[in-house]
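This chain uses plain numbering: 1 for the first residue, then up along the sequence.
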Amino acid sequence: MDNFSNWVVEFFRAFFLDLWSLMSGFFIGLYNLFIGFPIAYYEQLLIRSHDFNFIDWVLTIGFIVIFIFLYIMFWLIIIQLARRYLRFSKIEFDKMTLLNQMNILERKVRDSTIINVESPKLNMGDTKSRQKHATGSRFTKLNLIDDKYKYTVLPTLMTNKDKLSLSELVTHFINYASYHHNLYYSEKIASVFIAGLATSKILILEGISGTGKTSLPYVFGKFIKNDTSIISVQPSWRDRYEMMGYYNEFTKKFNETEFLTSLYDATFRTDVNLILLDEMNLARVEYYFADFLSLLELPNSDEWLIEVVPEQLIGDPIHLKEGQLKIPKNVWFVGTANNDDSTFGITDKVYDRASSIVMNDRAKPFKGQPLNEISISFEYLDELFKEAYKSHEISSKNLIALEKLDGFISETFQVTFGNRIMNQLYKFVPIYVACGRSEIEGIDYMIARKIIRKFETLNLPFLKSELETLLALFDTLFGKESLKESKDMIIKFIKQI
């Protein structure tokens with residue numbers, strides 16, 4: 001006890017001495033800059049000037065005048081720049097504050113006018129009536145969303161029954177889907193879906209028709225009490241304006257799409273939100289979804305800003321800042337893809353940024369337990385992911401094996417894992433393990449979907465021996481009973497040669 005007390009006393013003594021040194025050093029520095037150093041320079045001049053002749057004095061006086069002029073100009077420039085920055089910041093802040101206040105005031109005036117003018121029987125909760133009242137703004141539907149949430153973010157209320165682990169989340173979900181919706185999913189598919197949410201903000205569900213690609217995100221939205229927004233992709237989509245909407249110069253209204261309203265609605269929520277792009281490859285994904293592919297790669301979510309209109313006007317939606325909408329962190333974009341003659345191929349640019357989930361087999365029907373839906377906040381789900389990253393890191397043995405595998409595939413097939421794929425693997429596998437699956441199975445899934453899939457574009461008839469060597473390397477690095485999915489894909493390639 002005495003030793004501890006002595007240590008605490010010494011700690012605070014040293015802490016306050018260091019704090020005093022820091023503060024005194026700051027003021028001593030200011031004193032020296034404006035008083036101490038000039039006095040020292042003057043004393044130095046007095047000592048040196050004993051032997052000065054007339055020319056030396058003339059040069060000295062000229063140098064002192066020029067130095068003082070430059071010194072004063074330096075500080076004047078610093079002060080001027082600081083004043084300009086503070087003035088600019090204040091103007092911009094006042095501008096945004098004024099716009100927001102005018103925005104809210106304009107809506108209050110509009111609503112009060114409506115109440116006074118319209119019939120007493122008018123129900124402001126009625127969507128059609130409210131839509132008629134919002135015609136004064138160029139964003140009719142988004143303003144209705146503002147009114148719906150009363151400009152306030154909706155909290156997610158979770159009970160103890162809702163606070164499930166990742167493995168419990170998987171089990172709970174597949175039983176809920178079976179019992180309430182007669183939809184059946186295996187534990188593996190459910191685990192891949194959950195791990196996919198942790199890996200990327202973009203998920204691609206692909207496979208043959210009728211395997212439940214659309215119903216999976218649909219029933220998951222029901223499961224978390226927040227219906228998935230289902231957007232039907234049109235073959236005519238060429239850019240983001242056909243997906244997000246555009247401003248009509250003739251009507252002076254913004255053509256608000258279902259995609260935009262779903263995205264904006266999520267800004268008022270704190271739970272998990274899914275936006276489903278059904279049959280996303282009916283148009284070229286890398287065209288209409290290009291801005292989202294780039295933005296969602298940025299590590300800082302504050303930079304996930306998508307431009308909706310060039311500037312902000314009075315009456316614009318409250319969460320539209322300077323014409324830009326921030327993509328909320330609680331939103332995931334899920335796309336379904338069919339591979340047939342009516343669709344476009346999905347490029348590596350899209351695949352590499354997304355979590356790919358293959359659904360070629362229907363799960364066997366089973367009698368699910370009568371489990372109800374749950375409420376889950378984005379913050380809680382994110383904490384589950386972070387905890388899994390720490391608790392289920394990929395083993396050093398498998399990391400070494402992956403490094404050797406990457407070296408062989410890069411040298412032989414000119415296909416590399418790359419930083420993006422490795423980062424996704426570091427995220428996917430721990431979550432997959434936390435969902436109740438094995439580490440090697442998670443590694444196998446990522447290798448198959450991210451690396452082996454790319455072999456389809458290679459000139460395989462000339463690579464038969466290399467593919468056979470790769471199969472042998474799988475056995476050497478991970479064991480003969482491992483990487484079954486990756487091996488099956490390679491064996492399929494060999495049979496096609």
Side-chain angles (χ1 to χ4, degrees), residues 81 83-114 130-153 201 229 231 237-269 273 275 287-298 300-331 333:
L81 290 174
R83 291 177 62 187
R84 286 185 180 181
Y85 174 77
L86 293 174
R87 191 185 306 119
F88 175 79
S89 300
K90 185 176 185 303
I91 290 173
E92 289 298 309
F93 178 78
D94 291 344
K95 176 183 174 183
M96 290 302 303
T97 302
L98 182 61
L99 279 173
N100 287 330
Q101 290 176 347
M102 294 176 68
N103 189 1
I104 295 174
L105 181 61
E106 188 267 343
R107 292 176 194 172
K108 289 182 178 179
V109 172
R110 186 185 68 224
D111 291 344
S112 63
T113 303
I114 290 165
R130 290 168 64 195
Q131 189 166 353
K132 181 174 70 175
H133 307 323
T135 54
S137 168
R138 56 178 176 173
F139 290 95
T140 303
K141 296 178 181 178
L142 300 193
N143 283 335
L144 289 177
I145 294 174
D146 285 345
D147 295 338
K148 169 185 173 183
Y149 290 99
K150 301 185 185 300
Y151 312 104
T152 304
V153 176
K201 288 295 181 181
S229 299
I231 314 296
W237 286 8
R238 295 293 182 269
D239 52 48
R240 70 178 176 90
Y241 298 105
E242 298 184 69
M243 178 181 69
M244 289 278 293
Y246 57 90
Y247 181 69
N248 191 319
E249 290 290 348
F250 293 99
T251 63
K252 303 301 180 183
K253 296 285 185 180
F254 194 92
N255 181 34
E256 300 156 286
T257 63
E258 188 177 356
F259 179 90
L260 177 61
T261 55
S262 298
L263 187 62
Y264 188 76
D265 187 88
T267 63
F268 284 99
R269 305 183 67 94
N273 294 260
I275 298 179
Y287 288 177
Y288 69 81
F289 208 65
D291 290 346
F292 287 85
L293 292 173
S294 300
L295 286 175
L296 295 174
E297 280 247 294
L298 299 177
N300 184 3
S301 61
D302 291 334
E303 299 177 355
W304 295 357
L305 299 171
I306 188 79
E307 183 179 290
V308 180
V309 286
E311 60 181 354
Q312 181 178 354
L313 299 179
I314 297 174
D316 281 353
I318 195 71
H319 284 169
L320 210 62
K321 305 297 182 183
E322 297 183 355
Q324 294 179 319
L325 178 63
K326 180 182 176 183
I327 303 172
K329 292 191 295 183
N330 61 334
V331 170
F333 303 96

Side chain to side chain contact (heavy atoms under 4.5 Å, CB included) partners for Asn255, two or more places apart: Tyr246
With sequence neighbours excluded, residues passing side-chain hydrogen bond (donor to acceptor under 3.5 Å, both in side chains) with Asp302: Lys326
Not counting sequence neighbours, which residues clear ring pair (Phe, Tyr, Trp, His ring centres under 6.0 Å) with Tyr288? List them please. Trp237
With sequence neighbours excluded, residues passing side chain to side chain contact (heavy atoms under 4.5 Å, CB included) with Glu311: Leu313
So, taking the atom named CG in Leu320 and the one named CD in Glu307, what distance separates them when rounded to the nearest 0.5 Å? 10.0 Å
Please check if the distance between the ring centroids of Tyr264 and Phe139 is under 6.0 Å. no
Checking the side chain of Glu256 only, and the main-chain atoms of Thr261 only, is there a donor and an acceptor separated by less than 3.5 Å? no
Tyr247: partners by side chain to side chain contact (heavy atoms under 4.5 Å, CB included), with sequence neighbours left out: Arg138, Glu249, Lys252, Phe254
When the ring planes of Phe259 and Phe333 are compared, do they come out parallel, tilted or perpendicular, using 30° and 60° as the limits? parallel
Once you round to the nearest 0.5 Å, how far does OG1 of Thr140 lie from CD1 of Ile145? 11.5 Å
Output yes when a side-chain donor or acceptor of Lys253 lies under 3.5 Å from a complementary backbone atom of Phe250, and no otherwise. no
As a quick check of understanding, evaluate side-chain contact (heavy atoms from CB on, under 4.5 Å) for Val308 and Met244, giving each step before the final call. CA-CA 8 Å; Val308 180; Met244 289 278 293; 4.2 Å; yes
Sequence-distant partners of Asp291, side-chain hydrogen bond (donor to acceptor under 3.5 Å, both in side chains), two or more places apart: Arg240
For Glu297, what residues pass the side-chain hydrogen bond (donor to acceptor under 3.5 Å, both in side chains) criterion, not counting sequence neighbours? Arg420
Could you label the plane-to-plane angle of the Phe268 and Tyr149 rings as parallel, tilted or perpendicular, counting under 30° as parallel and over 60° as perpendicular? parallel
Set of residues satisfying side-chain hydrogen bond (donor to acceptor under 3.5 Å, both in side chains) with respect to Thr267, sequence neighbours excluded: His319
Test of understanding: with side chain to side chain contact (heavy atoms under 4.5 Å, CB included), list the residues that count as partners of Ser301, not counting sequence neighbours. Trp304, Lys329
Grab the two heavy atoms, one from Ser229 and one from Ser262, that are nearest each other, plus how far apart they are. OG-OG, 3.0 Å
